[in-house]
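Shown next, in structure tokens, is the structure this report addresses.
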Amino acid sequence: MPAIAPDRRELLLDAAQALFAERPFDAVSIADITQRAGVAFGLVAHYFGSKRGVYVASMQAMADQLRAVRDRPPEQDDMAIALQVGIRRHIAYLEEHAVGFRVLMRGGIGADEEVRQIVMRLRWEGAERVMMALNVNHPIGPELYTAMYGWVGFLNESMLAWLEQKAFPREQFATMIITMLVATLRTVMVMNPHTGIDPRLLDRLEGKS
């Protein structure tokens with residue numbers, strides 16, 4: 001049976017992700033990308049139109065990979081346990097794919113508006129997944145919106161900082177993130193008691209019962 005030829009578009013995306021992890025956008029050329037991918041120079045224009053096109057596509061591919069892990073259906077019926085497992089699984093995936101995560105986060109605070117929107121959309125989707133698990137009331141109030149958006153930002157920035165040194169175990173880091181989530185939600189409940197969040201679920205999430 002003949003070997004299946006590799007997808008040249010995927011080869012370009014993989015090469016671009018690796019190169020943008022190593023160097024800033026301006027320091028990567030189309031020739032660098034095609035040479036790393038082992039494909040013809042003109043294929044970048046064919047598939048993506050330009051270097052920026054392959055850059056944006058590579059950032060979108062990274063975001064889609066993170067989304068696939070984050071959105072995996074929970075295996076647990078207890079929602080507190082499902083949230084704990086989901087957060088820990090997400091953190092483990094980010095550690096395993098630290099290079100791509102760093103590139104995506106760095107791209108999200110850069111000058112490219114399309115990449116920034118990719119990261120902002122991914123961030124809010126993560127907040128929505130948690131709120132869906134918590135069965136919050138809709139419409140979502142401004143206090144909860146602000147707090148959850150900030151918590152996901154805290155998760156991402158703290159993850160970047162933890163990856164730099166890994167000065168304490170990942171399990172402790174995950175516990176810190178979960179504890180911060182509970183503290184954030186309790187603060188919102190003080191400001192707005194009509195969120196619909198069950199405080200007993202927060203107790204279980206924190207491991208108090």
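Looking at every heavy atom in both residues, Leu13 comes nearest to Val54 through CD2-O, 4.3 Å. The two residues Phe25 and Lys51 have their closest heavy-atom pair at O-NZ, 3.0 Å. Shortest non-hydrogen contact noted between Ile177 and Ser158 is CD1-CB, 4.2 Å. Smallest separation of non-hydrogen atoms from Leu160 and Phe101: CD2-CE2, 3.6 Å. Of all the heavy atoms in Leu134 and Leu185, the pair that sits closest is CD1-CD1, 3.4 Å. Minimum interatomic distance between Leu43 and Arg8 (heavy atoms only, all atoms of both residues): CD1-CD, 3.7 Å.
A heavy-atom distance below 4.5 Å is not found between the side chains of Glu206 and Leu202. Between Leu155 and Arg123, the closest side-chain pair of non-hydrogen atoms is not below 4.5 Å. Between Arg204 and Ile81, every side-chain heavy-atom pair lies at or beyond the 4.5 Å cut-off. Using a 4.5 Å heavy-atom threshold, the side chains of Leu122 and Leu104 count as touching. Side-chain contact between Glu113 and Arg116 is present, with at least one heavy-atom pair separated by less than 4.5 Å. Residues Ile178 and Leu83 are not in side-chain contact: their nearest non-hydrogen atoms beyond the backbone lie 4.5 Å or more apart.
Salt-bridge formation is detected for the pair Arg36/Glu22: a Lys NZ or Arg NE/NH1/NH2 atom is positioned less than 4.0 Å from an Asp or Glu carboxylate oxygen. By the 4.0 Å N-to-carboxylate-O rule, Arg9 lies too far from Asp7 to be salt-bridged with it. For Asp203 and Arg186, the salt-bridge test passes: some basic side-chain N is under 4.0 Å from an acidic carboxylate O. Between Asp64 and Arg67, at least one side-chain nitrogen of the basic residue sits less than 4.0 Å from a carboxylate oxygen of the acidic one, meeting the salt-bridge criterion. A salt bridge links Glu164 and Arg102; the closest N-O separation between the charged side-chain nitrogens and carboxylate oxygens is under 4.0 Å.
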Side chain to side chain contact (heavy atoms under 4.5 Å, CB included) between Met159 and Glu95, intermediate numbers included: CA-CA 8 Å; Met159 188 76 205; Glu95 181 184 16; 4.1 Å; yes
Apply side chain to side chain contact (heavy atoms under 4.5 Å, CB included) to the pair Phe154 and Tyr149, showing each step before the final yes or no. CA-CA 9 Å; Phe154 173 80; Tyr149 200 89; over 6 Å; no
Pair Met148-Val188, side chain to side chain contact (heavy atoms under 4.5 Å, CB included): steps then yes or no: CA-CA 9 Å; Met148 287 303 301; Val188 170; over 6 Å; no
Test side chain to side chain contact (heavy atoms under 4.5 Å, CB included) on Val39 and Leu11 and set out the steps. CA-CA 8 Å; Val39 301; Leu11 290 174; 4.1 Å; yes
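In this model, a donor atom of one side chain and an acceptor atom of the other lie less than 3.5 Å apart for Asp32 and Ser29.
Annotation: Met180, atom CE; neighbour count of heavy atoms from other residues, nucleotides and ligands within 6.0 Å does not exceed 12.
A side-chain contact (heavy atoms from CB on, under 4.5 Å) with Gln65 holds for exactly one of Gln17, Gln60, Arg70; it is Gln17.
Cluster annotation: Val130 is not connected to Val85 through the hydrophobic network of ILVMFWY side chains, with a link wherever side-chain heavy atoms come within less than 4.5 Å. Residues Ile197 and Met132 do not share a hydrophobic cluster, defined by chaining ILVMFWY side chains whose heavy atoms lie under 4.5 Å apart.
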